[in-house]
Amino acid sequence: MGTNDSSGHPASSSQRSSVQGLRKRPRAQVLIIGGGINGVGTFRDLALQGVDVALVERGDYCQGASGASSHMIHGGIRYLENGEFRLVQESVVERNRLLRIAPHYVKPLQTTIPIFSTFSGVLSAPLRFLTHKQQGKPKERGAFLIKLGLSMYDFFSRDGGTVPRHQFRGRKRALAELPRLHPGIKYAATYFDASVHNPERLTLDVLQDGEKAGASGDSDARASNYLSLLSMGGAAGNSTSPTGGSTVKLRDELTGEVFDFTADVIVNTTGAWVDLTNQAMGAASAFMGGTKGSHIVLDHPELLEACNGREIFFEHTDGRIVLIYPMGDRVLVGTTDVDADMAEDAVCTDAEIDYFFDLIGHVFPDVTVNRDQIVYTFAGVRPLPKHDATQPGFVSRDYRIERRAGGQETAAGGSGAVVLSLVGGKWTTFRALAEHLTNDVLKELGLERKISTAKLAIGGGAGFPDTDAGIQQWIKAHMSAGRDADRISGLLTRYGTRAEEVLRYLDAGPDRLLHSTRELSVRELEFMARNEQVGHLVDVLIRRTSLAFRGLVTGELLNEVADVLAGPLGWDTAAKTAEIRYAQEVLERFHGVQVHSLVA
């Protein structure tokens with residue numbers, strides 16, 4: 001569910017049609033709690049099966065771990081060392097699948113591993129494989145082990161994929177391709193994975209697919225963000241409904257309104273907060289043991305050029321697998337892996353920033369980096385299972401589903417809801433995971449699957465051009481007197497082929513670009529407010545656009561976007577001022593960004 005950073009200022013409930021849809025009919029066959037990618041993926045799959053499904057998220061969609069990922073869609077080559085062959089195979093198959101069904105957001109990613117030795121780690125690797133622990137001082141993996149791992153990775157990648165096989169380069173050729181690499185390298189291995197530059201928008205696409213399936217099919221699929229679960233139990237304090245299922249109390253985080261909602265099956269996909277959510281429902285669990293991962297985003301043309309369009313993926317001196325990753329005109333650096341304290345905010349610390357600077361120097365020793373070049377930081381808690389003495393880097397990234405049977409029978413003969421809790425899960429496998437969860441829910445309901453999502457295009461990936469020439473042709477075909485190629489390209493990048501729907505909205509009335517950025521217009525902001533469940537100003541900056549991620553938020557932008565959103569979202573002057581200040585607080589507290597607005 002992510003960090004609960006709602007500002008709680010008054011808002012008009014009439015503006016929240018998503019909440020009204022749940023209040024008017026406060027019952028569903030299935031209630032999903034948690035709006036990260038796994039909860040949203042399950043929502044879509046269930047809606048496509050004709051199931052009456054509802055989803056609630058206490059913050060914004062993709063606000064927690066789903067929005068704090070390394071932006072990679074990958075097979076997880078390092079999971080081979082843990083012996084997680086099933087997960088690796090599923091991951092590479094799903095990676096290849098997402099390249100086909102979500103091509104607007106998921107792109108091939110060329111990845112290079114700099115290697116400093118030939119046989120290092122050969123003796124310690126078997127013991128590490130068997131114990132899942134680092135034995136003594138970390139020893140880097142040499143060319144022999146990496147070659148073995150990549151050969152196995154290629155084998156797993158054969159199923160349904162067109163991803164090229166890995167290549168090995170000697171020092172001379174490697175430095176010719178990447179001249180800023182450490183001159184002490186002996187080899188460089190290059191292979192392909194994939195990336196997702198807009199994980200928040202991909203999550204929205206999956207959500208809207210589910211809503212549309214509900215609107216056009218047999219189901220009634222409804223979802224709302226900023227709606228939290230308070231407790232299990234209806235107005236009379238009973239956890240079970242007279243007609244079967246269980247009743248929970250939900251609270252609108254924007255208005256403070258509380259109401260009851262009943263479901264036959266409850267699916268807990270709140271990630272690292274699974275145990276806390278179960279506790280709120282009166283059945284405490286101890287499934288989770290999440291670890292924190294932090295990242296920084298740099299505006300650093302020299303480092304960007306040094307990467308030469310590739311992700312640099314390697315083992316740092318402490319044995320941690322880390323990455324340096326070009327994204328547009330920015331560079332993403334990550335990630336740490338430390339045990340998380342759920343009582344504290346997940347934020348990137350000064351010590352972690354020092355660690356990132358150190359790892360950059362490990363592979364690019366003549367590239368200088370300083371804090372002034374950081375435009376954004378972020379951190380999240382991975383939804384990992386409880387791992388006791390196992391070191392964070394060796395904790396399984398696989399998932400499991402825990403079932404709690406329904407509660408005590410009611411006087412009418414009904415029984416309480418079955419609760420399914422998701423433990424674990426990763427971005428790459430969200431579709432397969434959602435399929436697994438959906439199949440479990442269908443079994444509980446005595447229903448059969450109607451449709452597979454394996455080949456079903458996601459949102460704006462339907463009909464997306466499959467070549468650069470096709471993309472240019474699409475852009476040219478949608479240009480008009482008031483919109484140049486850059487504007488159309490920006491819309492296609494943000495929405496995929498759903499940009500056509502946005503363009504129709506823009507054409508339905510007078511429009512103009514914002515003064516503070518050429519990437520947004522007045523009517524596009526109105527479209528977001530009316531169609532994408534914007535609850536706060538900061539939602540637009542972080543999750544409906546990438547403006548914050550790229551360090552492009554200014555005081556003028558805060559004021560201008562707030563002015564435009566005030567109309568469709570019903571904000572008066574006080575609420576608008578509160579939204580600006582809240583955006584400033586979130587950007588500084590969670591992302592290390594200070595923005596001085598024009599608000600007194």
Side-chain angles (χ1 to χ4, degrees), residues 37 40-41 43-45 47-48 61-62 66-67 69 71-73 94-109 194-213 215-216 223 327-328 427-428 430-431 434 453-480 483-507 519-521 523-534 539-540 542-547 549-550:
I37 187 58
V40 168
F43 172 79
R44 170 183 182 250
D45 202 336
L48 287 164
Y61 302 113
C62 201
S66 294
S69 73
H71 292 59
M72 291 176 63
I73 300 294
E94 290 301 308
R95 176 201 66 193
N96 296 343
R97 180 170 284 137
L98 286 172
L99 284 166
R100 294 191 297 271
I101 66 176
H104 53 324
Y105 296 137
V106 180
K107 309 288 184 181
L109 177 64
S195 63
V196 53
H197 283 210
N198 296 278
E200 298 87 355
R201 294 217 60 91
L202 178 52
T203 302
L204 275 179
D205 259 17
V206 175
L207 180 85
Q208 291 179 347
D209 279 355
E211 291 177 321
K212 289 180 179 179
S216 61
M327 297 188 66
W427 244 106
T428 304
F430 82 83
R431 190 217 61 85
T453 60
K455 297 181 179 180
L456 195 62
I458 294 173
F464 191 83
D466 56 4
T467 64
D468 289 341
I471 290 173
Q472 294 305 314
Q473 185 177 357
W474 195 98
I475 292 170
K476 185 176 181 180
H478 290 83
M479 289 171 59
S480 63
R483 299 188 192 97
D484 59 17
D486 285 344
R487 175 65 172 145
I488 299 300
S489 175
L491 291 172
L492 183 62
T493 298
R494 185 171 296 142
Y495 300 97
T497 53
R498 276 186 172 162
E500 292 184 341
E501 178 186 352
V502 179
L503 283 166
R504 285 193 294 271
Y505 186 90
L506 302 187
D507 289 336
E519 295 186 23
L520 283 171
S521 72
R523 284 191 65 82
E524 186 184 353
L525 282 172
E526 292 174 352
F527 177 87
M528 290 179 180
R530 298 183 190 282
N531 296 279
E532 296 188 344
Q533 295 193 35
V534 173
D539 297 343
V540 170
I542 296 177
R543 288 172 289 275
R544 305 303 183 275
T545 72
S546 60
L547 290 167
F549 184 93
R550 291 179 289 144

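All values reported here derive from a predicted model rather than from experimental measurement.
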Calculate, to the nearest 0.5 Å, the distance between atoms [atom1] and [atom2] belonging to [X] and [Y] respectively.
X      : Y      : atom1 : atom2 : result
Ile542 : Cys62  : CD1   : SG    : 11.5 Å
Asn96  : Ile101 : CG    : CD1   : 11.5 Å
Leu492 : Gln472 : CG    : CD    : 9.5 Å
Thr493 : His197 : OG1   : NE2   : 10.5 Å
Ser521 : Arg483 : OG    : CZ    : 7.5 Å
Leu520 : Leu525 : CG    : CG    : 5.0 Å

Fit a plane to each ring of Phe527 and Tyr495, take the angle between them on a 0 to 90° scale, and name the class: parallel (under 30°), tilted (30 to 60°) or perpendicular (over 60°).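 The arrangement is perpendicular - the two ring planes meet at more than 60°.
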Specify whether Trp427 and Phe430 have parallel, tilted or perpendicular ring planes, treating 30° as the upper limit for parallel and 60° as the lower limit for perpendicular.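 The arrangement is perpendicular - the two ring planes meet at more than 60°.
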Under a 3.5 Å cutoff, is there a donor and acceptor pairing between the side chains of [X] and [Y]?
X      : Y      : value
Arg431 : Thr453 : yes
Tyr61  : Gln533 : yes
His104 : Asp205 : yes

Does the side chain of [Y] come within less than 4.5 Å of [X]'s, by heavy atoms?
X      : Y      : result
Pro108 : Leu99  : yes
Leu491 : Leu503 : yes
Val540 : Leu547 : no
Ile488 : Trp474 : yes
Thr545 : Arg494 : yes
Met72  : Ser195 : no
Asn531 : Val502 : no

Presence of salt bridge, [Y] and [X], under 4.0 angstrom:
X      : Y      : answer
Glu501 : Arg504 : no
Asp466 : Arg100 : no
Glu532 : Arg543 : no
Arg544 : Glu524 : no

Which heavy atom of [X] sits nearest to which heavy atom of [Y], and what is that distance?
X      : Y      : result
Ala213 : Leu48  : CB-CD2, 3.7 Å
Ser489 : Ile475 : CB-CD1, 3.7 Å
Leu456 : Arg44  : O-NH2, 3.5 Å
Ala47  : Gly210 : CB-O, 3.4 Å
Ser66  : Pro199 : O-CB, 4.1 Å

Would you sort out whether Arg487 and Leu506 count as a side-chain contact (heavy atoms from CB on, under 4.5 Å), showing the intermediate values? CA-CA 12 Å; Arg487 175 65 172 145; Leu506 302 187; 4.0 Å; yes
Got a donor-acceptor contact below 3.5 angstrom from the Thr497 side chain to the Gly460 backbone?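 It does hold such a pair.
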Main chain of Glu200, side chain of Asn198: is a donor-acceptor contact present, judged purely on distance under 3.5 Å?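 Flag not set: sc Asn198 to bb Glu200 has no pair under 3.5 Å.
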May I ask you to establish whether Arg523 and Tyr505 are in a cation-pi arrangement, using a distance under 6.0 Å from NZ or CZ to the six-membered ring centre and at most 45° from the ring axis?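 Yes, cation above the ring, under 6.0 Å and within 45°.
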Steps toward ring-ring contact (aromatic ring centres under 6.0 Å, His included) verdict (Tyr105, His71): CA-CA 10 Å; Tyr105 296 137; His71 292 59; over 10 Å; no
Test Leu202 against every option in Leu207, Val196, Val40, Ile73 by the side-chain contact (heavy atoms from CB on, under 4.5 Å) rule and name the one that passes.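 Running side-chain contact (heavy atoms from CB on, under 4.5 Å) over Leu207, Val196, Val40, Ile73 with Leu202 returns exactly one hit, Val196.
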Evaluate the side-chain hydrogen bond (donor to acceptor under 3.5 Å, both in side chains) criterion for residues Arg201 and Ser546: first the C-alpha distance (whole Å), next the side-chain angles of each, then the deciding distance (0.1 Å), finally the verdict. CA-CA 10 Å; Arg201 294 217 60 91; Ser546 60; over 6 Å; no
Assess whether side-chain hydrogen bond (donor to acceptor under 3.5 Å, both in side chains) is satisfied between Gln208 and Arg498, documenting all intermediate values. CA-CA 11 Å; Gln208 291 179 347; Arg498 276 186 172 162; 3.0 Å; yes
